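So the structure is just underneath, and the comments pick up after that.
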Amino acid sequence: MSERDRTYDPQAVEARWQRVWTDARAWEVPDPDEAARAERPKSYVLEQLPYPSGKLHMGHMLVYTIGDVVTHFRRRNGALVLHPMGFDAFGLPAENAAFREGGHPREITERYIETIRASMQRIGWWIDWSRELSTHDPGYYRWQQWQFLRFLERGLAYRKGAHAKWCPNDQTVVANEQVLPDGSCERCGAQVESRLMEQWFFRITDYAQALLDDLETVDWPESIKARQRNWIGRSEGAEILFRIEEWEEDVAVFTTRPDTLHGATFFVLAPEHELVSRVDAPEVQEYVRRTATKRTAERAAAGEKTGVPTGLNAVNPANGERIPIWVADYVLMDYGTGAIMAVPAHDTRDFEFARAFDLRVRQVVRPLEGDVDGDEPYVQHTEGEVLVNSGDLDGLPAPEGGRRIVERLEREGRGRFTINFRLRDWGFSRQRYWGCPIPVVHCERCGIVPVPDEELPVVLPDVEDYKPKGQPPLAQAEEWVNVPCPACGGPGQRETETMDTFVDSSWYFLRYCDAQNEEAPFDRGLVDYWNPVDLYIGGVDHATMHMIYARFWVKVLNDLGLVGFREPFASFFSNGWVTAGKTKISKRAGASVAPDALVERHGADAVRLAILFLGPADQNMEWTEETAESMARFVRRLWRVVGEVAERAPQGGPAGGVLARKAHATIAKATDDIGRRFAFNTAISAVMELVNELSREPTDPDARFAAETAVSLIQPYAPHAAEELWERLGHERLWEQPWPIADPALLERDVLEVVVQVNGKLRDRLQVAPGTPEDELVALARASERVRAHLDGGEPRKTIVVPGKLVNFVV
RNA sequence: GCCGAAGUGGCGGAACUGGCAGACGCGCCGGACUCAAAAUCCGGUGCCCGCAAGGGCGUGCGGGUUCGAUCCCCGCCUUCGGCACCA
């Protein structure tokens, strides 16, 4: 044994095998022809792609190692596994990194891409780099612009004036999803304001119901589905028209409780409601001004209710009653119609408002027990409650009464059943530089004119100053902006806003399937072959935005006939957060625990093992360096034990002894843990147990088989060391070896341990042969000294026997 | 308020279908090797009583079902996460 073989040098071993794999082009997955498709199943394993706005951190270490282990496992189980990688290069994170560090966003971004790719390759993740893409590449976003134009043709992309969340610091519109609960900007922490401006939207609300229904068809954790359902927020109810008496005009409200219509004692408009701007009263306009400057946080803080009366009255269509119209900011413009009928007896918020301004309260649904009459609002729906104070409907069960009310209004043309969603259309334009240009030209004569397909891509130009200053940075690129209108040839200006980065990530998984295509976004045959993604892996933080947008995008493409499936991600594994101390590791913190430094110290194999041994991969975990040390120790131990076996253990197949049985049990456990349970930590434990037993019997006739099994099973986690040890055991190309299969015959133990209990408490253990008859087991158990002591000489009242497992006496 | 997840040794965690609670690892204790230390190896390690044999207790709390409950049911407590004047 040479000195090199004796001591484990991860840096040398890992470099060696990475060279071998690269030379063999082992990580590439060419698109299979028909014959190959018939021969092997496909599996598309995908992790959410990284933002190149910082270096790799331990969160990445976790996601990509999970994906890598599954990739190895499925490959060696015979599947053709697509496992690509790319970079989500555009968008605020990359741009902010450029501001932070100086330089052009493109340079910074590309530098980070280099760095991250080098780290990934050093860690040895089994990635098909021939399919790499970056969203800032014109070869990529050209086809995004092309798809946008298809959406535009269908009316699924449109422009409208809307109240937008505006970040005064980033000088851009931010998505609702990017505003934190306290009203601050997710990116920079500044307080977000409300502004009325023209913006681009995708009509995602057209797909609200489909997005909800199709959740039934995907295999995702229930918690993630629940978040999406929550986000889509479907409510069944009715739209009802009230008449503004003084103006002889109708105004619609949405309600989920039409049964309480007779209890409406006042009416409230959101301050942004169109009608409010037409109210002359100065105190109303003053109130509207005040709420507009109010920060989201203050308005949302459900403290004191504020509002002003308009002096106008609305007529309740159910009973002709006149009720006062108020303006109050507890009514939101972007939900329902921006106007409500207030029923203080049956809604807590209306009740609070009525209390604050001394408005009438009238109960119209009688609870089964107790009474309301002003003290507490009664809101809970209970089975069997009936209407009161509702004219001829009195005594009807509330739900039925509600139905009758809407049916009546429907006949009069003053109401209808409807469904309202919390989900709003996706505002995707950003007043920022670093994003995909929106390929349209504004023409005074023709309006918004799409750039013809053959002129794509509209390439993002360089500008002097790419920092936002109230108007989009692209407006400075005058030569680029001023172009003839594609329709009439007259003077036109390009759109200067860019697309939200979530557009980029809504279809990247399709592009991987045909990344070099210059004729189309992708070939439908290839995309339909690989998709849907069989296992998508990523963080919960993308459970709503990204994963809803991507689902929407695919549904639209399906409706356009561009893809043959309606859901992008057939199953989803949500990985936990990695924390160091108490803070989530991200680019903001944690250079000290950067994977690069850890790999330098312990080797890639040890760090890969450590991140998965830390705990269940779908739960949050706290990183500890001790774990990396302990995994490095384990690899060294494996190295030494396998070396000893290679040198001293007898040649020949397994003899079927204890060690061979243990090896087969380990195969069964590791296979189930990786393949079905995604319990990577316990799979590693199982291999450790095997190695522990092997280290006690390195010259056993089964030692060679046990060593081979251990090496083979640890390969997805520690591919470099495993490959080297496999070679040491006299074999080649472990990465191409089929995953081992447990022999059911050897899973049967030759001696079973049967537990003997008295009253459910463990009193003795028996060693018996498998298949020992029940009565013999009972006899053996009763013969036990320790059992007899607890039986107190009496007869057991009852005896329970679980064959092969236990005997329980009840006295 | 609504929705979701989770409470097990000193620590991370295991127990997969109701059947040996604490696998595996960290830490700690003891020993071997060493001039010494590191590394490595061997042994021990839930808590309490006991010299020991052995016994008792033990999976957030209180009940229940069961021969038997970390696991199922009911009622609480705590922690974490998401949504939230959503009409």
Side-chain angles (χ1 to χ4, degrees), chain A residues 181 221-231 233-235 237 253-257 260 268 270 299-303 305 328-332 334-343 346-350 352-353 379 420-424 540-541 543-544 574 576-577 609-610 613-616 618-627 629-631 633-634 636-637 640 669 672-673 676-677 679 681-692 695-696 753-765 786 789-790 796-802 804-811:
Chain A
E222 193 46 45
S223 60
I224 305 290
K225 288 189 185 185
R227 278 201 207 190
Q228 290 214 349
R229 283 192 199 103
N230 210 325
W231 194 263
R234 183 184 197 270
S235 335
V253 300
F254 172 75
T255 179
T256 53
R257 295 292 306 277
T260 64
V268 189
R299 185 165 162 176
K305 290 273 184 294
D329 67 2
Y330 83 92
V331 174
L332 307 176
D334 46 15
Y335 185 78
T337 62
I340 62 154
M341 62 177 211
V343 186
H346 305 293
D347 181 284
T348 44
R349 297 149 301 172
D350 296 344
E352 281 170 30
F353 193 81
V379 283
N420 197 54
F421 291 95
R422 202 195 75 103
L423 184 73
R424 277 153 282 173
V540 276
D541 32 351
T544 43
S574 132
W577 286 350
L609 280 163
F613 188 72
L614 218 47
D618 59 351
Q619 280 163 45
N620 297 346
M621 51 187 94
E622 191 170 332
W623 172 257
T624 56
E625 181 120 10
E626 287 77 25
T627 310
E629 280 160 17
S630 126
M631 291 303 112
R633 201 173 303 147
F634 167 62
R636 280 195 295 270
R637 181 175 161 82
R640 195 186 58 244
K669 169 99 177 124
D672 190 49
D673 280 356
R676 182 179 63 86
R677 301 175 62 216
N681 53 332
T682 52
I684 297 170
S685 299
V687 177
M688 286 176 166
E689 281 186 56
L690 177 61
V691 174
N692 286 347
S695 73
R696 284 190 277 272
E753 192 175 74
V754 171
V755 174
V756 185
Q757 298 177 335
V758 176
N759 288 334
K761 281 192 192 293
L762 174 71
R763 293 304 173 192
D764 203 358
R765 299 154 199 269
R786 278 189 280 199
H790 289 275
R797 196 157 51 80
K798 196 170 173 185
T799 304
I800 289 109
V801 182
V802 182
K805 281 204 168 155
L806 90 160
V807 177
N808 186 18
F809 296 112
V810 186
V811 293

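Just so it is clear, the model here is predicted, and its values are computed rather than measured. Order of the sequence lines fixes the chain letters, A, B, ..., with proteins taken first and strands second; residue numbering starts at 1 for each chain.
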Heavy atoms from C-beta onward define the side chain here; which of [options] lies closest to that of [X]?
{"X": "A:I800", "options": "B:C3, B:A15, B:G19", "value": "B:G19"}
{"X": "A:S685", "options": "B:G19, B:C24, B:C3", "value": "B:C24"}
{"X": "A:F613", "options": "B:G19, B:C86, B:G12", "value": "B:G12"}
{"X": "A:E689", "options": "B:G19, B:C24, B:A15", "value": "B:C24"}

Roughly how many Å apart are [M] and [N], using the [atom1] atom of each and rounding to a whole number?
{"N": "B:G4", "M": "B:U8", "atom1": "P", "value": "22 Å"}
{"N": "B:C24", "M": "B:C33", "atom1": "P", "value": "27 Å"}
{"N": "B:G7", "M": "B:G55", "atom1": "P", "value": "31 Å"}
{"N": "B:A21", "M": "B:G68", "atom1": "P", "value": "15 Å"}
{"N": "B:C20", "M": "B:G75", "atom1": "P", "value": "29 Å"}
{"N": "B:C48", "M": "B:A36", "atom1": "C1'", "value": "41 Å"}
{"N": "B:A32", "M": "B:C80", "atom1": "P", "value": "48 Å"}
{"N": "B:G60", "M": "B:C71", "atom1": "P", "value": "8 Å"}

Nucleotide paired to [N] in any strand shown, Watson-Crick or G-U, under 3.5 Å:
{"N": "B:G18", "result": "none"}
{"N": "B:C11", "result": "B:G25"}
{"N": "B:A32", "result": "B:U40"}
{"N": "B:A52", "result": "none"}
{"N": "B:C86", "result": "none"}
{"N": "B:C72", "result": "B:G64"}

Point to revise | Closest-nucleotide 5' rank along RNA chain B - winner of A:I340 and A:S695 | key: A:S695
**Study point:** Residue closer to the 5' end of RNA chain B, A:A679 versus A:Y335 (nearest nucleotide)
**Key:** A:A679
Can you tell me if [X] touches the phosphate of [N], counting only side-chain N or O atoms and a distance under 4.0 Å to OP1 or OP2?
{"X": "A:R422", "N": "B:C3", "value": "no"}
{"X": "A:R349", "N": "B:A84", "value": "no"}
{"X": "A:N692", "N": "B:G25", "value": "yes"}
{"X": "A:N681", "N": "B:A14", "value": "yes"}
{"X": "A:S235", "N": "B:A87", "value": "yes"}
{"X": "A:R696", "N": "B:C42", "value": "no"}
{"X": "A:R636", "N": "B:U40", "value": "yes"}

Distance check, rounded to the nearest 0.5 Å: [X] atom [atom1] versus [Y] atom [atom2]?
{"X": "A:T682", "Y": "A:R677", "atom1": "OG1", "atom2": "CZ", "value": "5.0 Å"}
{"X": "A:L806", "Y": "A:R765", "atom1": "CG", "atom2": "CZ", "value": "12.0 Å"}
{"X": "A:N681", "Y": "A:Q619", "atom1": "CG", "atom2": "CD", "value": "9.0 Å"}
{"X": "A:K305", "Y": "A:D329", "atom1": "NZ", "atom2": "CG", "value": "9.0 Å"}
{"X": "A:W577", "Y": "A:N620", "atom1": "CH2", "atom2": "CG", "value": "6.5 Å"}
{"X": "A:H346", "Y": "A:T255", "atom1": "NE2", "atom2": "OG1", "value": "11.5 Å"}

Using a heavy-atom cut-off of 4.0 Å across all strands, would you classify [X] as base, sugar-phosphate, or nothing?
{"X": "A:Q757", "result": "base"}
{"X": "A:R227", "result": "sugar-phosphate"}
{"X": "A:R234", "result": "nothing"}
{"X": "A:K669", "result": "base"}
{"X": "A:L614", "result": "sugar-phosphate"}
{"X": "A:P616", "result": "sugar-phosphate"}
{"X": "A:R637", "result": "sugar-phosphate"}

Review point. Can you tell me if A:R422 and A:N230 form a side-chain donor-acceptor pair at under 3.5 Å?
Key: no
Review point. Do A:R797 and B:C67 share a donor-acceptor pair, side chain to base, under 3.5 Å?
Key: no
Review point. Considering only heavy atoms and no angle criterion, is a donor-acceptor pair shorter than 3.5 Å present between the side chain of A:N230 and the base of B:C83?
Key: no
Between [N] atom [atom2] and [X] atom [atom1], what is the distance in whole Å?
{"X": "A:Q619", "N": "B:U79", "atom1": "CD", "atom2": "C1'", "answer": "14 Å"}
{"X": "A:R640", "N": "B:C42", "atom1": "CZ", "atom2": "C1'", "answer": "12 Å"}
{"X": "A:D618", "N": "B:G13", "atom1": "CG", "atom2": "C1'", "answer": "13 Å"}
{"X": "A:W231", "N": "B:G82", "atom1": "CH2", "atom2": "C1'", "answer": "10 Å"}
{"X": "A:I224", "N": "B:G4", "atom1": "CD1", "atom2": "C1'", "answer": "10 Å"}
{"X": "A:L690", "N": "B:A23", "atom1": "CG", "atom2": "C1'", "answer": "14 Å"}
{"X": "A:L762", "N": "B:C57", "atom1": "CG", "atom2": "C1'", "answer": "15 Å"}
{"X": "A:N620", "N": "B:G4", "atom1": "CG", "atom2": "P", "answer": "19 Å"}

Review point. Does the side chain of A:D350 come within less than 4.5 Å of A:M341's, by heavy atoms?
Key: no
Protein-nucleotides 26-33 of chain B N/O pairs closer than 3.5 Å?
residue, atom, partner, partner atom, Å
B:C26, OP1, A:R633, NH1, 2.5

Review point. When syn is taken as a glycosidic angle within 90 degrees of 0, is B:G9 syn or anti?
Key: syn
Review point. Can you check whether A:S235's main-chain N or O pairs, donor with acceptor, with A:N420's side chain at less than 3.5 Å?
Key: no
Revision key, fill the gap. Taken in chain and number order and not counting sequence neighbours, the residues that satisfy side chain to side chain contact (heavy atoms under 4.5 Å, CB included) with A:R234 are A:Q209, A:L212, A:E236, A:I419, A:F421
Practice item. Fit a plane to each ring of A:Y330 and A:F353, take the angle between them on a 0 to 90° scale, and name the class: parallel (under 30°), tilted (30 to 60°) or perpendicular (over 60°). Key: tilted
Review point. With A:D672, which residues qualify under side-chain hydrogen bond (donor to acceptor under 3.5 Å, both in side chains), at least two apart?
Key: A:R676
